[in-house]
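Written out below as structure tokens is the structure these notes cover.
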Amino acid sequence: MSSDARPEFRRSTFADVPAARRLGAEAFGVSPHPSPEPDPDSWPSANTRPWVATREGEVVAGLGVRSFTSWFHGARVPTAGFAGVTVAAEHRGSGLLRPLMEAALAEARDLGDVVSTLYPSSAGIYRGLGYETVGAFEDVRIPTAALAAVPPPAGDVRARRATAADVPAARRVYEAWASAQNGPLSRGEAPFTMEPDEMVGPDADYTGVSLAVRGAGADEEVLGFASWSRGPGYDRTNTIDVDDLVALTPDAARVLWRVLASFASVAGWVQVCTSGGWSGVDVSRLVLPDHAATPQPRPYMLRLLDVPGALGAARVAPVAARVPFAVVDRRTPGLEGAWTLEATDGAVRVTPDDATAPGDRLTFTSAGLAVTWAGAQSTTNARLAGGVSGPAEHDAVWDALWGGRQVHVRDYF
């Protein structure tokens, strides 16, 4: 095959699946438990858009885009999550990744997605496309013995096992927590929805879902839940895997940690999916007696696709503000422009300007806009990294609008 053959970038067809799966195994390793061959009647999976790059008919690169909503600033924000980005070894460095990503990003923008996120294998590649790190998905390993020191609840909160009838209450707990953060998926779209048959019952994804509840009967209130898998074996080399531990009160967190501590004689570790810098952000760890935990982070990157759409969706602090700003970044020419932001009573309106000298106002690169809008960094820090320039008179107002919420990631896609 000629190395200079013109590549084609297109949505994938079912005929591309075998080649795309081989590329995935090449890039990410061969799983000891490979997924079954897909059914053409149910491919692609819900809310997923696969893309490939081909040269002379051969699939030489691919990726998948998942459409979902994620919480930012009190709003469900339409999001394009990129996953499985891979280029055949012989074609790496030949300029395939950028046009493939740009084609998929353009479609996402046309379909109404206003931000894009991904878990990078190499952050530098995606910084060249305007993404920046705003948080991390973390697997945190905690010695089960350390949980034995968690004190009992001070009030009347107790634990019980969830049933299918409790799943709506668990969803409400998750939404109450997630809507107060930046970054968590809303879990309103497949395959991330919390369905009863996935959470409880004989074919569930988990060994159990434990609830933290207060009261009894009609007055019972669900204050937290933990979904956990027991795993094999019964000695202290084994691990209890926890997909979610979400609590709305300190006592609820204590109750759920104590449920996991009860496995200390048959499992030496508890591994929790969490996010945001375990040592200082995940509020559920604040009730633990010590820091005996080992985090394994996977960085999470973000870029905006639609500046007025992303900023205008937010519900922010009730700050009255008028901020002229601009985005200037040759890496993301489709994102460049000048606008005026007006905030009143927690609502944000962003209108375009005809600024002839955008550098005379608060000016962002794509990365600087991403990290400040997400609340991951202040404008002061973003200036130190070269992501913000121009006059600093509006920095404090910008931080007041977009700061104050932690960046959390709870789902790996």
Side-chain angles (χ1 to χ4, degrees), residues 136-163 166 169-181 184 199-200 206-217 219-231 233-297 405-406 408-410:
F137 177 93
E138 297 181 348
D139 289 324
V140 175
R141 285 173 57 83
I142 309 167
T144 315
L147 300 179
V150 174
D156 62 349
V157 181
R158 57 188 172 83
R160 70 169 177 83
R161 186 67 57 91
T163 68
D166 296 310
R171 285 198 201 107
R172 288 192 292 272
V173 167
Y174 175 82
E175 183 163 322
W177 170 81
S179 62
Q181 319 298 326
M199 297 190 69
V200 298
Y206 308 110
T207 305
V209 176
S210 298
L211 303 179
V213 301
R214 180 171 57 200
D219 296 325
E220 185 183 80
E221 181 182 10
V222 178
L223 300 175
F225 71 97
S227 51
W228 50 271
S229 299
R230 169 65 176 82
Y234 54 93
D235 61 37
R236 293 181 182 177
T237 66
N238 295 296
T239 299
I240 306 294
D241 288 310
V242 182
D243 268 7
D244 268 316
L245 194 157
V246 180
L248 302 183
T249 71
D251 275 353
R254 293 185 184 102
V255 162
L256 296 173
W257 285 121
R258 286 170 65 86
V259 168
L260 299 171
S262 70
F263 288 99
S265 64
V266 292
W269 299 92
V270 170
Q271 182 161 296
V272 184
C273 295
T274 181
S275 61
W278 167 257
S279 63
V281 175
D282 190 319
V283 294
S284 64
R285 54 83 41 201
L286 297 179
V287 304
L288 296 181
D290 59 40
H291 293 175
T294 306
Q296 299 173 317
R405 290 175 186 258
Q406 301 289 358
H408 279 274
V409 189
R410 267 295 195 273

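The figures here come from the full heavy-atom set of this structure, side chains too, leaving out hydrogens, waters and symmetry mates.
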Please tell me if the side chains of C273 and D139 come closer than 4.5 Å, counting only heavy atoms from C-beta onward. yes
Are V266 and N238 close enough, and set up right, to give a side chain to side chain contact (heavy atoms under 4.5 Å, CB included), and what steps lead you there? CA-CA 7 Å; V266 292; N238 295 296; over 6 Å; no
Heavy-atom side-chain proximity of F225 to V246 below 4.5 angstrom: yes
Answer whether the closest heavy-atom distance between the side chains of L260 and W228 falls below 4.5 Å. yes
Restricting to non-hydrogen atoms, name the atom on T207 and the atom on R230 that form the minimum distance, rounded to 0.1 Å. OG1-N, 2.8 Å
Which distance, rounded to the nearest 0.5 Å, do you find between the OG of S229 and the CG of D241? 6.0 Å
Mind checking whether L245 and W257 have side chains closer than 4.5 Å, heavy atoms only? yes
Nearest heavy-atom neighbours spanning V157 and A212: CG1-CB, 4.0 Å
Return the minimal non-hydrogen interatomic distance between T239 and R141, and the atom names on each side. OG1-NH1, 3.2 Å
Got a second to check how far Q271's CD is from T144's OG1, nearest 0.5 Å? 11.0 Å
Test your reading of the model: is there a side-chain donor-acceptor pair from D235 to the backbone of T237, 3.5 Å cut-off? yes
OG/S275 to CD/Q181 distance, rounded to the nearest 0.5 angstrom? 8.0 Å
Would you call D166 and R161 a salt bridge, using N to O less than 4.0 angstrom? no
Do T249 and D251 have side-chain atoms, one donor and one acceptor, less than 3.5 Å apart? no
Distance-minimising heavy-atom pair for L248 and A176: CD1-CB, 4.1 Å
Name the one of Y174, F137, W177 that satisfies ring pair (Phe, Tyr, Trp, His ring centres under 6.0 Å) with H408? W177
Where do A247 and A253 come nearest, in terms of heavy atoms and distance? CB-N, 3.4 Å
Between CG of L223 and CZ of R214, what distance do you get to the nearest 0.5 Å? 4.5 Å
Check whether any side-chain heavy atom of I142 sits under 4.5 Å from a side-chain heavy atom of L147, and report yes or no. yes
Nearest heavy-atom pair of S210 and V259: which atoms, and what distance? OG-CG1, 3.7 Å
Can you check whether P152 reaches R254 side chain to side chain, under 4.5 Å on heavy atoms? no
List the steps and the verdict of salt bridge (Lys or Arg N to Asp or Glu O under 4.0 Å) for R410 and D243. CA-CA 8 Å; R410 267 295 195 273; D243 268 7; over 6 Å; no
Short N-O contact, R158 and E220, less than 4.0 angstrom: yes
Tell me whether R405 at atom CZ has more than 12 heavy atoms from other residues, nucleotides or ligands lying less than 6.0 Å away. yes
